[in-house]
Amino acid sequence: MSKYTQVGAYEPDGHPLFQRLYNEEGFKKLTEENVDEMLADTGLKLVLFADDPNRVRETLDIVVIGPELKKVFKDYLSSCWMADVKKARAMSTRFGVKRLPAVAFFRGAKFLGASEGLKNWDEYLEELGVIGSRTDAEAPRRTITIVSSNQEENYQ
């Protein structure tokens, strides 16, 4: 057996990094049930979107990066959230986020944008600085990708 083989899946909420995120770093868990509550909050909010870490290892990276970003932007943030990894992909598409992991900013109910994919530290700071300083009028429009059935057949 390879040393890289994962013997069994684990429950993300029971993982020490997720427990630290929620219990020590003050992130709230974003679910389909409380997304409207998050959007109703005023102020600038940081939201992490990531896939199930049993399938996508980068999720654990963003769980470590998130609290560091919180420290940098702490003077501007009203709250920080981590989307439920089992539902994050579906929730992220609601806002036009296409690539996970992603770090997004919201001001009130307005989605200001997201830094998608893993980045180096300087790229995060640059991208999120621009996103966080956007006005509501500068927020991106949501886009939907439409693929015709003919194109889909070509990809299979």
State, with a plain yes or no, whether a side-chain heavy atom of [X] is found less than 4.5 Å away from one of [Y].
| X | Y | result |
| --- | --- | --- |
| L100 | S92 | yes |
| F95 | L39 | yes |
| E68 | Y124 | no |
| K119 | V103 | no |
| W81 | T31 | no |
| S78 | T42 | no |

Verify same cluster id: V56, M82 (apolar side-chain graph, 4.5 Å): no
Verify the cluster assignment for V130 and L125: are they in a single hydrophobic cluster under the rule of side-chain heavy atoms below 4.5 Å apart? no
Report yes if the distance between the aromatic ring centroids of F27 and Y22 is under 6.0 Å, otherwise no. no
Rounded distance (nearest 0.5 Å) linking atom [atom1] of [X] with atom [atom2] of [Y]:
| X | Y | atom1 | atom2 | answer |
| --- | --- | --- | --- | --- |
| D52 | R89 | CG | CZ | 11.5 Å |
| L48 | K29 | CG | NZ | 13.5 Å |
| R107 | I131 | CZ | CD1 | 11.5 Å |
| L17 | T59 | CG | OG1 | 11.0 Å |
| L46 | L112 | CG | CG | 11.5 Å |
| K45 | C80 | NZ | SG | 11.5 Å |

Given salt bridge (Lys or Arg N to Asp or Glu O under 4.0 Å), test E32 with K86 step by step and report yes or no. CA-CA 11 Å; E32 292 174 323; K86 295 176 183 171; over 6 Å; no
Closest heavy-atom contact between [X] and [Y]?
| X | Y | result |
| --- | --- | --- |
| D51 | R55 | OD1-NH2, 4.1 Å |
| L30 | V35 | CD1-CA, 3.7 Å |
| D36 | R94 | OD1-NH2, 3.5 Å |
| G14 | Q19 | O-NE2, 3.4 Å |
| M91 | A83 | CE-CB, 3.7 Å |
| S115 | E127 | OG-OE1, 2.8 Å |

Under-4.0 Å salt bridge between E25 and K71: no
Which word best sums up how the rings of F73 and F105 line up, parallel for under 30°, tilted for 30 to 60°, or perpendicular for over 60°? perpendicular
Please work out whether the ring planes of F106 and F49 are parallel, tilted or perpendicular, with thresholds of 30° and 60°. tilted
Pair D122, N120: side-chain N/O donor-acceptor within cut-off below 3.5 Å: no
Mark yes when over 12 heavy atoms from residues, nucleotides or ligands other than K70 sit less than 6.0 Å from its NZ; otherwise mark no. yes
For the pair H15 and V63, evaluate side-chain contact (heavy atoms from CB on, under 4.5 Å) and give the outcome as yes or no after the intermediate values. CA-CA 11 Å; H15 191 282; V63 170; over 6 Å; no
